[in-house]
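Here is the structure we will look at, set down as structure tokens.
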Number of protein chains: 2
Amino acid sequence: MKKYVFTDSVGYLTTTISRILQQKLQAKFKSTGSNTTPEQWRLLVVISNEGEMNQSQLAELQHKDRAAIKRLLDHLETKNLVIRKSGKDSRSHTISLTQEGRKMVQVFTKASEETVNEALSCFSEEEAKNLNQLLNKLLNNIK
Amino acid sequence: MKKYVFTDSVGYLTTTISRILQQKLQAKFKSTGSNTTPEQWRLLVVISNEGEMNQSQLAELQHKDRAAIKRLLDHLETKNLVIRKSGKDSRSHTISLTQEGRKMVQVFTKASEETVNEALSCFSEEEAKNLNQLLNKLLNNIK
DNA sequence: TAATAAACGTTGATTAGTCAACAAAAGTAG
DNA sequence: CTACTTTTGTTGACTAATCAACGTTTATTA
């Protein structure tokens with residue numbers, strides 16, 4: 001019977017790791033002169049990967065609420081990285097990347113890859129693969 | 001040569017997992033009638049585990065900046081979960097838990113443990129142990 | 001068809017985190 | 001001892017997330 005130690009729990013570890021990685025990524029973005037944030041970039045990548053969709057669908061995919069997505073999109077639209085289109089259902093806005101948005105995804109994917117590689121530098125290829133599988137399994141279990 | 005896929009990176013996975021776990025924990029806290037948040041609770045636990053220290057030290061331990069810690073402590077102090085004491089160095093405030101603060105740690109540790117156990121329900125004991133080791137190793141590499 | 005329900009995006013209020021700048025106190029050097 | 005530097009906590013401005021409430025528009029159903 002093991003004692004539960006909070007600083008050793010997935011909750012603590014993922015939260016802390018996530019925060020540090022975001023800080024590193026933010027610094028990397030900033031050093032290129034851009035003021036796009038990691039969260040804004042994440043949203044761009046999701047749209048790029050999953051294709052056009054409306055704000056509610058984005059919210060569900062990102063596990064955030066609609067208000068959070070709305071405000072992120074406001075920032076992205078101001079920077080001309082994204083546009084909202086209205087179709088026949090006038091409640092819904094279809095979100096898609098602009099030319100600049102697509103470029104931003106390309107440029108910052110490299111920065112993101114670098115950050116991840118640095119983070120994983122302590123692992124063998126097998127360990128890294130293992131970690132990835134375990135995290136994916138965990139995510140699927142809780143989402 | 002593997003292609004880098006962002007939704008498969010530690011950055012994406014840890015951030016998403018962390019967010020979902022926080023949401024679950026928040027819901028659990030709220031269902032007990034408390035308005036203490038997961039982040040506030042985390043800070044309480046750190047103080048409880050690591051002993052009294054000042055705000056700068058807390059900030060460093062939590063990988064947040066001093067302003068963030070200051071504001072969290074303001075909330076905790078308002079709720080009488082924490083007190084700031086001044087010693088000979090009048091710049092520095094030593095933070096310690098109140099009676100209520102200690103009780104809060106106990107009560108919510110159980111909720112936290114439940115949340116973690118539910119999250120890990122898809123894993124064998126060995127897998128869970130493995131995940132923990134890998135996350136700890138990763139954290140040590142980046143912090 | 002008319003009334004009701006659901007979906008969508010939006011807004012305001014609150015908690016959280018970062019950054020830059022600041023005053024006050026303590027430490028260091030000349 | 002005085003001048004400079006560092007440390008500590010604080011504040012304001014900003015991005016981010018959540019919750020509750022709201023108005024429109026679409027869908028359902030009685």
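Chain identifiers are assigned alphabetically (A, B, ...) following the order of the sequence lines, protein sequences preceding nucleic acid strands; residue numbering begins at 1 within each chain.
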Determine the contact category for A:Leu72: base if any of its heavy atoms lies under 4.0 Å from a base atom, sugar-phosphate if only primed atoms, P, OP1 or OP2 are that close, otherwise nothing. sugar-phosphate
Could you tell me how far apart A:Gln22 (CD) and C:dT18 (P) are, to the nearest whole angstrom? 10 Å
Parallel, tilted or perpendicular: ring planes of B:Phe29 versus B:Phe108, cut at 30 and 60 degrees: parallel
Need to verify one output field. Residue with the more 5' nearest nucleotide on DNA chain D, B:Ala27 or A:His75? A:His75
Take A:Thr15 and B:Ser18 through the side-chain hydrogen bond (donor to acceptor under 3.5 Å, both in side chains) test and state the conclusion after the steps. CA-CA 5 Å; A:Thr15 300; B:Ser18 166; 3.0 Å; yes
Backbone of B:Gln62 reached by a side-chain donor or acceptor of A:Arg19 within 3.5 Å: yes
From CD of B:Gln62 over to P of C:dT18, roughly how many Å is that when rounded to an integer? 11 Å
NZ/B:Lys137: more than 12 non-hydrogen atoms of other groups inside 6.0 Å: yes
Atom NZ of A:Lys85 and atom P of C:dC8 are separated, to the nearest Å, by 18 Å
Tell me what A:Gln23 touches on the nucleic acid: a base, only sugar-phosphate, or nothing, going by heavy atoms under 4.0 Å. sugar-phosphate
Does A:Asn136 offer a backbone N or O that forms a donor-acceptor pair with the side chain of A:Asn140 under 3.5 Å? yes
Expected list for residues 28-54 of chain B near DNA chain D, using heavy atoms below 4.0 Å, is B:Lys30, B:Asn54
Could you list where the contact with chain B starts and ends along DNA chain D, reading 5' to 3', using a 4.0 Å heavy-atom cut-off? D:dT7 to D:dA20
If you assign A:Lys70 and A:Arg19 each to the DNA chain C nucleotide with the nearest heavy atom, which residue ends up on the more 5' nucleotide? A:Lys70
Do other residues, nucleotides or ligands put more than 12 heavy atoms under 6.0 Å from the CD atom of A:Glu60? no
Length of the CG-P vector between A:Asp89 and C:dA7, whole Å: 12 Å
Checking A:Ser48 side chain against A:Leu44 main chain: does a donor-acceptor pair fall under 3.5 Å? no
Expressed in angstrom and rounded to an integer, what is the separation of B:Leu58 atom CG from C:dG17 atom C1'? 16 Å
Atom pair distance, as rounded to whole Å: CD1 in A:Ile95 and P in C:dC8: 13 Å
Does B:Ser92 place a side-chain N or O at less than 4.0 Å from the phosphate oxygens OP1/OP2 of C:dA25? no
Distance in angstrom units between A:Asp74 CG and C:dG9 C1', rounded: 10 Å
Under 4.0 Å between a side-chain N/O of A:Ser56 and OP1 or OP2 of C:dG9, yes or no? yes
Please report the distance, rounded to the nearest Å, between NE2 in B:His63 and P in C:dC19. 15 Å
May I ask you to evaluate whether A:Gln55 reaches the phosphate of C:dT10, defined as a side-chain N or O under 4.0 Å from OP1 or OP2? yes
base_contact_polar (C:dT18 base, B:Arg71 side chain, donor-acceptor, <3.5 Å): yes
Any residue meeting ring pair (Phe, Tyr, Trp, His ring centres under 6.0 Å) with A:Tyr12, in chain and number order, not counting sequence neighbours: A:Phe6
Connected via hydrophobic side-chain network under 4.5 Å: B:Val5 and A:Ile47: no
Does the C:dA7 base have a donor-acceptor partner in the side chain of A:Arg91 within less than 3.5 Å? yes
Check whether A:Glu77 reaches the backbone of A:Asp74 with its side chain - one donor and one acceptor, N or O, closer than 3.5 Å. no
